[in-house]
Amino acid sequence: MKLKFLSLIAIISLVSCEKKAETTPDTTVVKDTTIVEETTVTIPDSTTISNAWNDYMTPGEPHKMLALESGTWHEEMTMWMEPGAEPMKNTMTAESKMIYGDRFQETTHKGDFMGMPFEGKSTLAYNNASQEYTSTWIDNMSTGIMVITGKYDEASKTINFSGTTVDPVTKKEKPIRETYTIVDENTRKMEMFDVDYSGKEYKSMEIIMTRKK
């Protein structure tokens with residue numbers, strides 16, 4: 001009888017221990033082995049910063065090239081409203097000058113378009129930091145600002161601009177392209193390329209600029 005009692009105690013103790021083992025929370029600590037890479041930030045010294053800003057603000061050879069266009073120009077404009085359309089011809093006068101210490105070119109265009117007075121203004125800049133040209137355009141027949149950028153090709157004496165605009169009909173963005181060619185000292189040619197509603201590019205405008213003497 002005593003043996004049975006001791007065996008019963010042993011069984012109860014064993015069960016109790018198993019229950020404790022089952023309910024004991026896991027307190028194992030897992031170490032974070034993630035490796036954090038440190039990055040080194042180089043802060044330019046004051047001389048480097050000063051020199052960079054001085055280079056950025058100082059007009060150079062590209063700005064001298066823009067200054068050569070200062071004066072009055074006669075413009076012969078041809079427009080195509082869509083591919084294969086009959087060309088629409090018009091004439092305008094442009095007044096070009098350098099502003100803000102010969103850093104930017106500003107040109108005002110005036111004339112008539114489809115029987116209505118037309119006036120537009122363009123700015124042309126050479127960004128010393130990005131080493132590219134930026135052109136903007138506004139006029140009295142729109143409410144948007146066209147912004148295009150491009151590089152100058154010395155071999156063809158052409159600035160090849162590109163950018164995007166929002167089509168007033170579809171309200172969607174579309175690509176635009178322009179080439180600006182220095183034909184000779186007194187002649188410039190601007191060609192604008194648009195895309196039709198099928199996405200095909202076509203030549204939408206050409207302006208031949210002749211310097212008035």
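Positions are given from 1 along the sequence.
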**Study point:** Non-hydrogen atoms of W73 and E69 that approach each other most closely
**Key:** NE1-O, 2.8 Å

Review point. Under the 4.5 Å side-chain heavy-atom rule for ILVMFWY, direct or indirect, which residues accompany Y100?
Key: I99, F104

Exercise for review: Verify, without hydrogens or angle tests, whether T187 (side chain) and V183 (backbone) share a donor-acceptor contact under 3.5 angstrom.
Suggested key: no

Practice item. Measure the CE-OG1 distance between M77 and T91 for me, rounded to the nearest 0.5 Å. Key: 8.5 Å

Review point. Does a side-chain N-to-carboxylate-O contact under 4.0 Å join D194 and R177?
Key: no

Exercise for review: Report the hydrophobic cluster partners of V41, with the cluster defined as I, L, V, M, F, W, Y residues connected by side-chain heavy atoms closer than 4.5 angstrom, directly or transitively.
Suggested key: I43

Check your understanding: Given a cutoff of under 4.5 Å between side-chain heavy atoms of I, L, V, M, F, W and Y, with clusters grown through shared members, what are the other residues clustered with W53?
Key -> I49, Y56

**Study point:** Euclidean distance, L124 CG relative to M65 CE, rounded to 0.5 Å
**Key:** 7.5 Å

Check your understanding: About how many Å separate CZ of R103 and CG of L66, when rounded to the nearest 0.5 Å?
Key -> 13.5 Å

Point to revise | Nearest-0.5 Å distance, OG of residue S70 to CD of residue E106 | key: 11.0 Å

Practice item. Indicate the atoms forming the closest heavy-atom contact of T136 with V147, along with that distance. Key: CG2-CG2, 4.3 Å

Point to revise | Contacts of Y133 that satisfy ring-ring contact (aromatic ring centres under 6.0 Å, His included) - sequence neighbours left out | key: Y126

Revision key, fill the gap. Heavy-atom nearest pair, D196 first then P83, reads OD2-CG, 3.6 Å

Review point. Do I176 and I148 touch side chain to side chain, with heavy atoms closer than 4.5 Å?
Key: yes

Check your understanding: Transitive ILVMFWY cluster of Y197 at side-chain heavy atoms under 4.5 Å: who else is in it?
Key -> V169

Practice item. Answer yes if the side chains of T134 and T149 hold a donor-acceptor pair under 3.5 Å, and no otherwise. Key: no

Review point. What pairs with W137 under ring-ring contact (aromatic ring centres under 6.0 Å, His included), at least two apart in sequence or on another chain?
Key: H109

**Study point:** Interatomic distance, T181 atom OG1 to K157 atom NZ [nearest 0.5 angstrom]
**Key:** 11.0 Å

Exercise for review: Decide yes or no for F193 and E191: does some side-chain heavy atom of the first lie under 4.5 Å from some side-chain heavy atom of the second?
Suggested key: yes

**Study point:** M192 with V195, same ILVMFWY side-chain cluster at under 4.5 Å
**Key:** no

Point to revise | Distance-only polar pair, side chains of T48 and N51, donor-acceptor under 3.5 Å | key: no

**Study point:** K189 side chain near I208 side chain, heavy-atom distance below 4.5 Å
**Key:** yes

Point to revise | Residue pair H63 / E61, side-chain donor-acceptor N/O under 3.5 Å | key: no

Point to revise | Polar side chain donor-acceptor pair, K89 to T78, under 3.5 angstrom | key: yes

Practice item. To the nearest 0.5 angstrom, please state how far the OG1 atom of T158 sits from the CZ atom of R188. Key: 11.0 Å

**Study point:** Under 3.5 Å donor-acceptor, T47 side chain and D45 backbone
**Key:** no

Review point. When you measure from the side chain of D167 to the backbone N and O of K172, does any donor-acceptor pair fall under 3.5 Å?
Key: no

Practice item. Kindly give the heavy-atom pair with the smallest separation between Q105 and S96, and that separation in Å. Key: CG-OG, 3.5 Å

Check your understanding: Between F118 and K110, is any pair of side-chain heavy atoms under 4.5 Å apart?
Key -> no

Check your understanding: Heavy atoms, side chains only, cut-off 4.5 Å: are M88 and M114 in contact?
Key -> yes

